[in-house]
Trainee: 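Let me give you the structure first, and then I'll get to my questions.
Below, chain A is the first sequence line, B the second, and so on; all start at residue 1. Side chains included, hydrogens not; waters and symmetry mates left out as well; all remaining heavy atoms used.
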2 protein chains.
Amino acid sequence: MRKTIYDIARAARVGIGTVSRVFNDHPRVAEETKRRVLKVARRLNYSPHPHARRLAKQKSFTVVAVVPSFSSYFFVEILQALHDGLRHYDYDLLLSGLDYPQQTHLSLARVLDEQRADGALVLSLPIMRDLRNVLEAAKIPLVLVDTYDPAFNSVSSDNVHGAFLATQHLTKLGHKRIGMIAANTSSPPARDRLKGFKKALAEHKINLRPEWVKISRSHKLDGFTYEAGYQLMQAFMEMNSRRRPTAYFVSSDVQVVGALRAIEEAGLRCPEDIAIFGYDDIVPAEHYGISTIRQQIGEMGKSAVALLMERVTNGESKVVHRRYEPQLVIRRTCGTTQGSRSASNGSFE
Amino acid sequence: MRKTIYDIARAARVGIGTVSRVFNDHPRVAEETKRRVLKVARRLNYSPHPHARRLAKQKSFTVVAVVPSFSSYFFVEILQALHDGLRHYDYDLLLSGLDYPQQTHLSLARVLDEQRADGALVLSLPIMRDLRNVLEAAKIPLVLVDTYDPAFNSVSSDNVHGAFLATQHLTKLGHKRIGMIAANTSSPPARDRLKGFKKALAEHKINLRPEWVKISRSHKLDGFTYEAGYQLMQAFMEMNSRRRPTAYFVSSDVQVVGALRAIEEAGLRCPEDIAIFGYDDIVPAEHYGISTIRQQIGEMGKSAVALLMERVTNGESKVVHRRYEPQLVIRRTCGTTQGSRSASNGSFE
DNA sequence: CTGAAAGCGCTTACAG
DNA sequence: CTGAAAGCGCTTACAG
């Protein structure tokens, strides 16, 4: 039979209040009493009933993570980081998956309504009006991860800057003809990466050719998929080789893998014929030798949890934005300095 | 302020017991009363407090999933399936990740001890003695997913048969020289796939050459990784081309991706020079054109949840084993019938 | 069919 | 420092 606080109290010859205080690290319990209670508790293999505790404390000791999708490397990694972080706080992680992004606010509203969570982590979702209303109505701490909205705490990565770095690197290698494969711009990261790309071209006085920027319209993971990368690169491959880019910034590594496939099928090689720069540094990126931008996912996860827990436990309420700097990871696919070829090619431009 | 059952009772002019009965679908409540209560509840936006309910009912309405690792496609997909399935039952899914497989039994013991779950789903773990003890001691329903042990309910896929089908397909294409890249045999699926491979060779009277079976010793995901596939295939590539297999059964698609890379680096092509058969049908497999074995992951997840919930809610207790038949998915990498080449090659053996 | 009351296992002011 | 008691929001025999 499960042991209760009464069993411990009896065996330790104290009142139940004292047992409770011991387990709640109440400051005013005599050392001696505390020791005795803990000893008995251990002997009887006691642990407080979580739901009773939650009811009495009027707290759920649970955090919800609202995730748009399970099936991408990024989410798996960030989820893992969040899960690990939460362990230190003895909080449970409740997953709230979404079938349709449109229902985010509904599913979240329900969770918050039922007071099933003391805090929320909202991943990668564009903050639309419906969602913002729910979030503002919910009087619980929350932090946005991988998105940004001035009104809420957030931990995000500077996608504009990351894309800028990647593109700039391509220019430094001597490329003048640079294209981009972008994800659906309904996704904030996709939008920012496109922005960073444009910014880098502008800053290096390289002409932006509209036909050299191909944007996925897919709604499946907002085009952050193999298929999207493959198809868009195929479109490039169909262009006359003298009239297409020599280098490409691709908005995610998953897309790069698809793109590489298209390049190979076109009988070309990367990086010999075509330079590629990706984004995300997903696990397999190393193996493919993809030059990419690393987001500090583990750090972001830890930081998001810490931020949230400060608010949940200390009642801290100032809105904070933490922005992580992405890092360049140079590997094979971007190639090395364009020698004479770039010079001559460049002169055509 | 949060509404309680008392608010509803007062507004609906009934006792709190009646309100409770309405929300618990108690059979003997007058239709008229029920309607009135529900109407008021809706108006006041009431929903029962989950923890109070759990405390009073002495049930956690939660299921734990013990997962060895987040970072693989397989787990993500199975998790997604479990999560979806659980929704229909209004049960929460509690994740219990593991840092070290060795502590599985400890982390599980803790959860069960604290009565934080009414049932458990244990994924892909080899059932060792420690774990078996914990599971047997826990008097809660549980089902094994993707593993098998005679003592517990299980939903698994017939890995022996899947590997058999894959290997047999290679023989049917005319291959006589067939090798295998296997994962660490400490993993039950890895072991079974190796077994199925051997069985198919035996049945088709093809000689098993020990040096043509390369087994990963990695502990990282038991060798179900890009790296393992890459390295083992590299080892094959270093063999004299006349003395190595013309076809390979690889124990997972992730490994295939690594293997393809090694093949490419060796200046060979798949399927023209080398035929490959994978396993798992992970999302990107389609894109690579990997011929593979599909496990019915979605089905398995649904079925596991259903099995568990029958036990949790109906108290059903017979031990049941559900085995899913894997399916052949023929794509590019295994090539087509070996023409004259296979004939002549075959004659060397 | 329905209400009043005890109980689920804790927490926490209030006295002392 | 510590005990007795009320309260957290439900559920469920027990009467009626």
Side-chain angles (χ1 to χ4, degrees), chain A residues 1-38 40-41 44-62 90-92 112-118 313, chain B residues 1-41 44-62 90-92 113-118 313:
Chain A
M1 204 37 216
R2 186 186 174 86
K3 295 286 178 292
T4 74
I5 213 173
Y6 287 90
D7 300 316
I8 311 306
R10 201 178 315 121
R13 307 180 164 289
V14 295
I16 57 161
T18 300
V19 177
S20 174
R21 286 187 199 98
V22 168
F23 275 89
N24 284 284
D25 284 321
H26 186 101
R28 262 168 295 184
V29 197
E31 263 312 314
E32 150 64 9
T33 314
K34 187 170 182 177
R35 217 185 334 265
R36 190 149 39 96
V37 169
L38 284 177
V40 172
L44 299 186
N45 190 26
Y46 168 78
S47 65
H49 186 119
H51 301 302
R53 181 154 177 263
R54 290 165 189 206
L55 178 59
K57 279 252 195 194
Q58 295 284 68
K59 287 186 63 177
S60 68
F61 295 101
T62 298
D90 257 314
Y91 261 67
D92 283 345
L112 301 183
D113 239 54
E114 296 184 359
Q115 230 151 79
R116 297 157 133 306
D118 304 330
T313 61
Chain B
M1 202 38 215
R2 186 188 174 84
K3 296 286 178 292
T4 73
I5 212 171
Y6 288 91
D7 300 318
I8 310 306
R10 200 177 318 121
R13 308 179 165 287
V14 295
I16 57 162
T18 300
V19 178
S20 174
R21 286 187 199 98
V22 169
F23 276 89
N24 284 283
D25 284 321
H26 187 102
R28 262 167 296 183
V29 197
E31 262 313 314
E32 149 65 9
T33 313
K34 188 170 181 177
R35 217 186 332 267
R36 188 148 39 96
V37 168
L38 284 177
K39 195 169 152 202
V40 171
L44 299 186
N45 191 24
Y46 168 78
S47 64
H49 185 118
H51 302 303
R53 178 153 180 264
R54 290 165 189 207
L55 178 59
K57 280 252 195 194
Q58 295 284 71
K59 285 186 63 177
S60 67
F61 294 101
T62 298
D90 256 313
Y91 262 66
D92 283 346
D113 239 53
E114 297 183 0
Q115 232 153 78
R116 297 158 133 305
D118 304 330
T313 61

Trainee: Quick one: are B/Arg10 and B/Thr4 in side-chain contact, heavy atoms under 4.5 Å?
Mentor: no
Trainee: Check every atom of C/dC10, D/dT2, D/dT11 against the side chain of A/Thr18 and return the nucleotide holding the closest atom.
Mentor: D/dT2
Trainee: Determine whether B/Arg21 and B/Pro27 make a side-chain contact, defined as any pair of heavy atoms from C-beta on separated by less than 4.5 Å.
Mentor: no
Trainee: For the side chain of A/Arg21 and the base of D/dG3, is some donor closer than 3.5 Å to an acceptor across the two?
Mentor: yes
Trainee: OP1 or OP2 of C/dC1 less than 4.0 angstrom from a side-chain nitrogen or oxygen of B/Lys34, does that happen here?
Mentor: no
Trainee: Can you tell me the distance, in whole Å, between the CG atom of A/Leu55 and the C1' atom of C/dT11?
Mentor: 10 Å
Trainee: Give one of base, sugar-phosphate or nothing for A/Ser20, where a contact means two heavy atoms less than 4.0 Å apart.
Mentor: base
Trainee: For C/dA13, which nucleotide in any strand shown is its Watson-Crick or wobble partner with both distances under 3.5 Å?
Mentor: none
Trainee: Start at the 5' end of DNA chain D and walk down; is the nucleotide closest to A/Ile16 or to A/Ala30 reached first?
Mentor: A/Ala30
Trainee: Regarding A/Asp118 and A/Lys57, does a basic nitrogen lie under 4.0 Å from an acidic carboxylate oxygen?
Mentor: no
Trainee: For C/dG9 and B/Gln58 - does any side-chain N or O of the residue sit under 4.0 Å from the phosphate oxygens OP1/OP2?
Mentor: yes
Trainee: Would you indicate, yes or no, if C/dA4 has its OP1 or OP2 atom less than 4.0 angstrom from a side-chain nitrogen or oxygen of B/Tyr6?
Mentor: no
Trainee: Looking across every strand, which nucleic acid part, if any, lies under 4.0 Å from B/Arg53 by heavy atom: base, sugar-phosphate, or nothing?
Mentor: sugar-phosphate
Trainee: Strictly distance-based, threshold 3.5 Å: is any side-chain N or O of A/Arg36 a donor or acceptor partner for the main-chain N or O of A/Ala12?
Mentor: yes
Trainee: Once you round it to whole Å, what is the distance between P of C/dG9 and NZ of A/Lys3?
Mentor: 12 Å
Trainee: Measure from NE2 on A/His51 to C1' on C/dG9 and round the result to the nearest Å.
Mentor: 11 Å
Trainee: With P as the reference atom in both, quote the distance from C/dA6 to C/dT2 in angstrom, rounded to an integer.
Mentor: 22 Å
Trainee: Using a heavy-atom cut-off of under 4.0 Å over every strand shown, decide if B/Val19 touches base, sugar-phosphate, or nothing.
Mentor: nothing
Trainee: Write down the distance between CD1 (B/Ile5) and P (C/dG3), rounded to a whole number of angstrom.
Mentor: 12 Å
Trainee: Counting only heavy atoms not in B/Arg13, do more than 12 sit closer than 6.0 Å to its CZ atom?
Mentor: no
Trainee: Please compare B/Lys57 and B/Arg28 by the position of their nearest nucleotide in DNA chain C and report the one closer to 5'.
Mentor: B/Arg28
Trainee: Taking atom P of D/dC10 as reference, at what distance in whole Å does atom CG of B/Asn24 sit?
Mentor: 11 Å
Trainee: Using the P atoms only, state how far D/dG9 lies from D/dA13, rounded to an integer number of Å.
Mentor: 23 Å
Trainee: Measure from NE2 on B/His49 to C1' on C/dC8 and round the result to the nearest Å.
Mentor: 13 Å
Trainee: Over how many whole Å does the gap from B/Lys59 atom NZ to D/dT11 atom P extend?
Mentor: 12 Å
Trainee: Once you round it to whole Å, what is the distance between C1' of D/dT2 and CZ of A/Arg36?
Mentor: 11 Å
Trainee: Is the phosphate of C/dT2, meaning OP1 or OP2, less than 4.0 Å from a side-chain N or O of B/Thr33?
Mentor: yes
Trainee: Which heavy atom of A/Arg54 sits nearest a heavy atom of A/Phe61, and at what distance?
Mentor: CG-CD1, 3.8 Å
